[in-house]
Every structure is written in structure tokens, then in C-alpha cells.
Engineer: 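The structure under discussion is supplied below as C-alpha cells; questions concerning it will follow.
Below, chain A is the first sequence line, B the second, and so on; all start at residue 1. Every value quoted in this text rests on a predicted model; they were computed, and no experiment measured them.
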Number of protein chains: 2
Amino acid sequence: MAENGFELETFLPYRLNRAAEFVALRFAAQYKARFQLTRPEWRTLAALGSSGRSMTATEIGAHSSMHKTKVSRAVFSLEQRRWLKREEDGRDRRFEHLALTPAGEQAYKELTELAKRYQAELLSTLGADDMEALATGLRAVERAMKKSVAGE
Amino acid sequence: MAENGFELETFLPYRLNRAAEFVALRFAAQYKARFQLTRPEWRTLAALGSSGRSMTATEIGAHSSMHKTKVSRAVFSLEQRRWLKREEDGRDRRFEHLALTPAGEQAYKELTELAKRYQAELLSTLGADDMEALATGLRAVERAMKKSVAGE
DNA sequence: TCATATTAGTTACAATCGTAACTATTGATT
DNA sequence: AATCAATAGTTACGATTGTAACTAATATGA
């Protein structure tokens, strides 16, 4: 009941979390079954694959909202599979430039097919209008994310 | 780059996850600092507090998209704090009806004040229009969640 | 130049998590 | 009634996680 004007049903962190969890689980089952990939591994692979260039671990973390230790471990395990290679930066050797190998790109490509199918499924259950609204709202959150990386 | 028509920047699971993580972290820092609450504990407390009635652990899990072991552990620790009490169902003793104690309600009320402040902050950084769009989109996902509980 | 601060990334360790197996109870089928 | 299936919730255990401390490299600035 409305004790004091707060309604959980309108509270963004709660709603976003449960929606994210719900939407992620079905898809996770697919890439886990196909490639034995964990969620951080898929997210790392996706960040690299979609950027089409090399990225540092820190960039991947910022792009995916993953903790740096999560990224570090995902990078390690993708490297073990030879889906990713590291190259150290010549000017500043603290940086490692990470890029997919051909095998990694191939796997990514295959995963994008699953993803496209899943996205189409979502589109049809949510409806185009609500999907569009969701995209608009998420874009705003993403803007806020970029700002908060820049500032503070 | 756009290898085959898939764009990670439009892929819902990825976007929802990173937005949820981003938005949740700042708020989690607050309830952790104030009450030493974990995320599952806050979510369980919130589900109960906002419903204003008793719920079973399964209902809480469905409402919050939390795994049943997460709920089970959160319920246990809230019970330890005397913020929640269990009552067994007379007709079917598999069910436990969970409800907040007065102390639990008091804590919930205090947390809703933090939540309201945080929500206001979000509203001002996202803007009213985009916030509204996000709410519309999330509502659609929530409808899909309810259906998938009903079916299959 | 030397000390101090900052940043990228890794890792030890304790805490948390999910899978699968479990107990307990009820429902369904014969 | 007796069996078998289904459901609510818990728990053992191995896997995954985040915190904090660490290494290594670079930047800052007296």
C-alpha cells in the first residue's frame, strides 16, 4: 500500500534489474548450450566483436558495466580459447589492446545469429511501439552513463 | 562494424543489463552503508513492504526475478534481524507466509525515503520524457514476464 | 631526480551464487 | 490405500563474485 508516496512499481533500479534478469536468462541458456560461455564471457566477446576494433579491458568494462575483475577473468578465458589476443601498447605499457582472433570473430558471428533471432522474438512479444519506447529510455540511461564516466 | 545486420547497441539483453547495473550500484551503496543490506535482502524487503501483505517466497521470487535460493537466503537473514516473520499455511503446510514485523516496516519506510530521493535524482538526469518512455517500455517487459509465468 | 600519486590490470581471499539433490507436503492415478 | 508426480522451500558443494591489496608502468611536481 502507498505508505508514503513511494511505489516500488515505479522504482527504476528494481524494475530494470528484474527486467534485465528476465530478458537475459533465456538468451544465456542459448549461448551456454552452444558454446559453454558464461555471461561475462559473452558480454566481453560482444563488446569486442561489435566494436570491430581492439579495446582495452577498462573500455570493455565501461561499455558493458562490468566490474574490472569480471572483465579480467573473461579476457583470460577467451584468450585460453584462442578467441582473443592481447597486444601491449608501445607508448604506455600499462595498456593491453584486446582483439578477437579469426576464430573469435567466427564465434561472434554465429552468436549474432542467435541474438538476432532472440531480438526478433522479443520484438514480437513486446510490440514495436513499446520496444521503441524502451529503446528511447535506455538511450537516456546510456547518456547518463557516459557523463558519469567523464565527470567524477 | 555491422558484419551481418546485428547491432549490439540495439540488443535488449545487453543494454538492459548494463543499464540495470549502472542504475543499481549507486543506490546499493546507500542501503549498504545505512543498513548493511545486500541486494537480495533489499529486494526481498521491498517486495514485501510494497505489497503491504504477506507473500510466499515463491511469489517474491517471481515478483523480483530472483532465484529461489537467493530469496531463501535473504528471507533467512531478514528473519534473523527480526524484520520479517514466517507463518505456516494451515491448509497447505508447504507454504510459508512471510510478512514484515513493525521493525521491518520501519526500516522499509526509511529506505523508501532514500529511494524517493534517488528516483528524483534519476528523473532530473534522464528527463521526464525519456523517463516516461522507459517506464512504458518496462511495462511491456513486465507484461511478458507475467505471461511467461502463467504459461509454460 | 626523487618522491608521491595515479592508472591498468591481476589475484588472494572471503563472501555470494546457482545447480542439483534433498526434505516435507500435497495432488493425481490407479 | 498405495504409488508416483508435482510443488515449496532448504542446503551441500563447487563455481563465481567483489573487495582490497597487489604489481607494474606512467604522470606529477617539488
Engineer: Rounded to the nearest 0.5 Å, what separation is found between the CZ atom of Arg81(A) and the CG atom of Leu84(A)?
Structural biologist: 11.5 Å
Engineer: So what does Thr58(B) hit on the nucleic acid, given a heavy-atom distance under 4.0 Å: a base, only sugar-phosphate, or nothing?
Structural biologist: sugar-phosphate
Engineer: Measure from CZ on Arg93(A) to C1' on dA27(D) and round the result to the nearest Å.
Structural biologist: 15 Å
Engineer: Assess, by modelled atom type and distance only, whether the side chains of Glu113(A) and Asn4(B) contain a donor and an acceptor separated by less than 3.5 Å.
Structural biologist: yes
Engineer: Going 5' to 3' along DNA chain C, between which two nucleotides do contacts with chain A fall, using a heavy-atom cut-off of 4.0 Å?
Structural biologist: dT6(C) to dC13(C)
Engineer: Going through the distances and angles, do Met66(B) and Arg18(A) end up as a side chain to side chain contact (heavy atoms under 4.5 Å, CB included)?
Structural biologist: CA-CA 8 Å; Met66(B) 284 198 294; Arg18(A) 75 177 171 189; over 6 Å; no
Engineer: For Ser72(B) and Lys70(A), take the nucleotide of DNA chain D holding the closest heavy atom to each; which residue's nucleotide lies nearer the 5' end?
Structural biologist: Ser72(B)
Engineer: Stepwise, does the side chain to side chain contact (heavy atoms under 4.5 Å, CB included) test hold for Leu123(B) with Gln119(B)?
Structural biologist: CA-CA 6 Å; Leu123(B) 179 61; Gln119(B) 180 92 336; 5.7 Å; no
Engineer: For the ring pair Trp42(A) and Tyr14(B), is the centre-to-centre distance below 6.0 Å?
Structural biologist: no
Engineer: At less than 4.0 Å, is any side-chain N or O atom of His67(A) found next to OP1 or OP2 of dT16(D)? Yes or no.
Structural biologist: no
Engineer: Report the distance from atom CG of Asp89(B) to atom P of dG9(D), rounded to the nearest whole Å.
Structural biologist: 10 Å
Engineer: What is the distance from atom CG of Leu45(B) to atom CD of Glu105(B), rounded to the nearest 0.5 Å?
Structural biologist: 9.5 Å
Engineer: Would you classify Arg86(B) as touching base, sugar-phosphate or nothing, given that sugar-phosphate means primed atoms plus P, OP1 and OP2, and contacts are heavy atoms under 4.0 Å?
Structural biologist: sugar-phosphate
Engineer: Return whichever of Arg94(A) or Arg91(B) has its heavy-atom-nearest nucleotide of DNA chain C closer to the 5' end.
Structural biologist: Arg94(A)
Engineer: Please figure out whether Thr38(B) or Phe95(A) has its closest DNA chain C nucleotide nearer the 5' end.
Structural biologist: Phe95(A)
Engineer: Could you state the atom-to-atom distance from CZ of Arg43(A) to C1' of dT16(D) in whole Å?
Structural biologist: 15 Å
Engineer: Return the value, rounded to whole Å, for the distance between atom CD of Glu96(A) and atom C1' of dA24(D).
Structural biologist: 11 Å
